[in-house]
Participant: 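Got a structure for you, questions after.
Being a predicted model, the structure only gives us computed values, none of them experimental. Residue numbers start from 1 in every chain, and the chains themselves are labelled A, B, ... in the order their sequence lines are given, proteins ahead of strands. Side-chain atoms are counted along with the backbone in the values below, which use heavy atoms only and exclude waters and symmetry mates.
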Number of protein chains: 2
Amino acid sequence: MHPRILDTLKRNQLSITDSRKKILEMFLQRKGALAHADIEQQSGEEFDRVTIYRTLQTFVEKGIIHTIPSADNSVRYALCKDDCSEGHHHDNHVHFMCDQCGTTYCLDHVTVPSVALPVGFLVSQVDVVVSGTCLKCQ
Amino acid sequence: MHPRILDTLKRNQLSITDSRKKILEMFLQRKGALAHADIEQQSGEEFDRVTIYRTLQTFVEKGIIHTIPSADNSVRYALCKDDCSEGHHHDNHVHFMCDQCGTTYCLDHVTVPSVALPVGFLVSQVDVVVSGTCLKCQ
DNA sequence: ATTATTTTGCAACAATGTTGCATTTATGTA
DNA sequence: TACATAAATGCAACATTGTTGCAAAATAAT
Ligand SMILES: [Mn+2]
Ligand SMILES: [Mn+2]
Ligand SMILES: [Zn+2]
Ligand SMILES: [Zn+2]
């Protein structure tokens with residue numbers, strides 16, 4: 001078991017359960033983003049679908065994972081950096097989705113550029129999603 | 001009926017049907033973005049759900065509308081500028097989603113900044129979605 | 001007007017997401 | 001460790017969203 005699992009759950013005052021340990025481990029191992037369907041497949045019949053939905057929701061609320069917007073009606077989730085906290089995400093990095101293999105990357109070191117909006121718009125968050133071909137697929 | 005409707009459909013070699021005329025009119029009138037659900041509601045029982053799905057898909061393929069990614073599992077659609085063509089979108093403007101009223105704006109005059117990715121990533125499209133509070137909601 | 005082509009509506013289905021509630025599991029305390 | 005309390009899970013039932021095949025209807029071409 002990945003060493004950070006218990007730590008992360010405790011730090012967020014979440015009870016230690018099989019599903020939370022297993023799902024969190026998936027994120028820690030893969031490093032890339034996961035959709036609900038990925039988790040359901042990988043965990044086989046181990047957990048109920050509903051449990052996966054609730055676990056993902058809890059993790060998002062606690063700032064353990066964040067969502068990545070997409071144009072294909074399938075939200076993906078990825079690990080947050082350690083400094084995200086409950087109700088306070090600040091994963092202001094760029095995301096990349098590969099058109100070929102479908103992999104979604106968190107480009108932690110590419111910060112989102114600042115965009116100047118017309119007066120009257122109050123910005124609270126900027127999401128940048130880049131699509132194209134990833135390293136492995138060329 | 002909006003003057004551009006017949007023009008747009010003909011230019012894209014689409015047969016003139018009631019659903020296409022009506023749905024295109026919605027986009028021309030509202031100017032903002034529409035989700036599938038919005039169209040279904042606004043058109044009442046006039047068209048079958050399936051027809052709306054297929055019409056939106058056709059319009060996207062022809063470059064009449066474009067999709068706007070979101071993190072809430074509900075893709076929105078908005079009119080393309082006239083210079084989009086079949087399989088060749090270039091709506092490289094920023095989108096804004098209001099947290100309060102839910103309205104999605106195409107900020108046609110705010111172009112997406114260029115992002116420098118690590119070597120190995122081949123960029124084909126950049127989507128910038130800003131969220132916050134819009135003009136009307138402050 | 002007639003024919004050929006395209007689009008539509010319907011039905012049936014698949015996938016995705018939500019809620020209430022009884023049961024199980026985890027946690028805190030004695 | 002055993003017990004009481006609190007929390008999470010699984011299940012069922014349901015709602016919403018999206019897909020596909022095909023016959024009927026509408027549109028376009030001749
Ligand atoms: Mn990320
Ligand atoms: Mn737009
Ligand atoms: Zn790839
Ligand atoms: Zn607003």
Side-chain angles (χ1 to χ4, degrees), chain A residues 1 5-27 33-62 64-65 67-77 86 102 104, chain B residues 1 5-27 33-62 64-65 67-77 86 102 104:
Chain A
M1 188 169 71
I5 290 179
L6 294 180
D7 206 59
T8 301
L9 292 177
K10 282 175 185 160
R11 184 158 29 89
N12 287 283
Q13 297 157 39
L14 293 174
S15 16
I16 316 290
T17 68
D18 287 347
S19 48
R20 286 174 180 167
K21 281 189 285 186
K22 181 73 178 289
I23 292 175
L24 186 48
E25 176 132 56
M26 288 186 197
F27 281 107
L34 292 169
H36 178 279
D38 297 325
I39 296 169
E40 201 172 338
Q41 281 184 292
Q42 279 190 44
S43 61
E45 300 282 307
E46 201 169 349
F47 312 113
D48 195 86
R49 263 173 354 102
V50 179
T51 301
I52 298 176
Y53 280 115
R54 295 198 264 228
T55 303
L56 289 172
Q57 189 179 306
T58 302
F59 284 0
V60 169
E61 283 164 2
K62 290 294 189 178
I64 299 172
I65 60 178
T67 59
I68 303 170
S70 80
D72 72 338
N73 269 327
S74 85
V75 176
R76 283 145 199 264
Y77 303 84
E86 184 149 6
T104 302
Chain B
M1 186 171 69
I5 290 178
L6 295 181
D7 206 58
T8 302
L9 292 178
K10 282 175 186 162
R11 186 160 27 90
N12 288 282
Q13 297 157 41
L14 292 174
S15 12
I16 317 290
T17 68
D18 286 348
S19 47
R20 287 175 180 167
K21 281 189 286 187
K22 182 74 177 287
I23 292 175
L24 186 49
E25 177 133 57
M26 288 185 196
F27 281 106
L34 292 169
H36 178 278
D38 298 324
I39 296 169
E40 201 172 337
Q41 280 184 291
Q42 280 189 42
S43 60
E45 301 283 305
E46 201 169 349
F47 312 114
D48 194 86
R49 264 174 352 104
V50 179
T51 301
I52 298 176
Y53 280 115
R54 294 198 263 227
T55 302
L56 289 172
Q57 188 178 308
T58 302
F59 283 1
V60 169
E61 284 164 1
K62 290 294 189 177
I64 298 171
I65 61 178
T67 59
I68 303 169
S70 82
D72 71 337
N73 269 328
S74 85
V75 176
R76 283 146 201 262
Y77 302 84
E86 183 149 6
T104 302

Participant: Quick one: pull up CG in B:Asn12 and CD1 in B:Ile64 and give me the separation to the nearest 0.5 Å.
Facilitator: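 Between B:Asn12 CG and B:Ile64 CD1, I get 4.0 Å after rounding to 0.5 Å.
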Participant: What's the separation between atom CD in B:Glu61 and atom OG1 in B:Thr58, rounded to the nearest 0.5 Å?
Facilitator: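 These two atoms lie 5.5 Å from each other.
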Participant: Can you check each nucleotide of nucleotides 25-30 of chain D against protein heavy atoms at under 4.0 Å and return B for base, S for sugar-phosphate only, - for none, in 5' to 3' order?
Facilitator: --SS--
Participant: 5' to 3' on DNA chain C, which nucleotides open and close the contacts with chain B (atom under 4.0 Å from a heavy atom)?
Facilitator: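 Range of nucleotides within reach of chain B: C:dT6 to C:dG17.
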Participant: Would you kindly compare B:Gln13 and A:His36 by the position of their nearest DNA chain C nucleotide and give the one closer to the 5′ end?
Facilitator: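 The residue whose closest nucleotide sits nearer the 5' end is B:Gln13.
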Participant: Taking only N and O in the side chain of A:Asn73, is any of them less than 4.0 Å away from OP1 or OP2 of D:dG18?
Facilitator: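 Result: yes.
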Participant: To the nearest 0.5 angstrom, please state how far the CG atom of B:Leu14 sits from the CZ atom of B:Arg20.
Facilitator: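 The CG atom of B:Leu14 sits 5.0 Å away from the CZ atom of B:Arg20.
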Participant: With sugar-phosphate meaning primed atoms plus P, OP1 and OP2, does B:Ser74 contact a base, only sugar-phosphate, or nothing at under 4.0 Å between heavy atoms?
Facilitator: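 Here B:Ser74 touches no strand at all.
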Participant: Scan the side chains in residues 47-57 of chain A for donor-acceptor partners under 3.5 Å anywhere in the protein, sequence neighbours excluded, and list what turns up.
Facilitator:
{"unit_1": "A:Asp48", "atom_1": "OD2", "unit_2": "A:Val50", "atom_2": "N", "d": "2.9"}
{"unit_1": "A:Thr55", "atom_1": "OG1", "unit_2": "A:Thr51", "atom_2": "O", "d": "2.7"}

Participant: Scan nucleotides 2-4 of chain D against the protein and return all N/O pairs shorter than 3.5 Å with their distances rounded to 0.1 Å.
Facilitator:
none

Participant: Would you jot down, in residue-number order, the residues of residues 42-54 of chain B having a non-hydrogen atom under 4.0 Å from DNA chain D?
Facilitator: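 Close to the strand are B:Arg49, B:Val50, B:Tyr53, B:Arg54.
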Participant: Minimum heavy-atom separation for B:Arg76 to B:Ala33, with atom names?
Facilitator: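 Between these two residues, the closest heavy atoms are CB-CB, 4.0 Å.
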Participant: Under the side-chain contact (heavy atoms from CB on, under 4.5 Å) test, which residues partner B:Glu25, sequence neighbours left out?
Facilitator: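 With neighbours one apart ignored, the set is B:Met1, B:His2, B:Ile5, B:Gln29.
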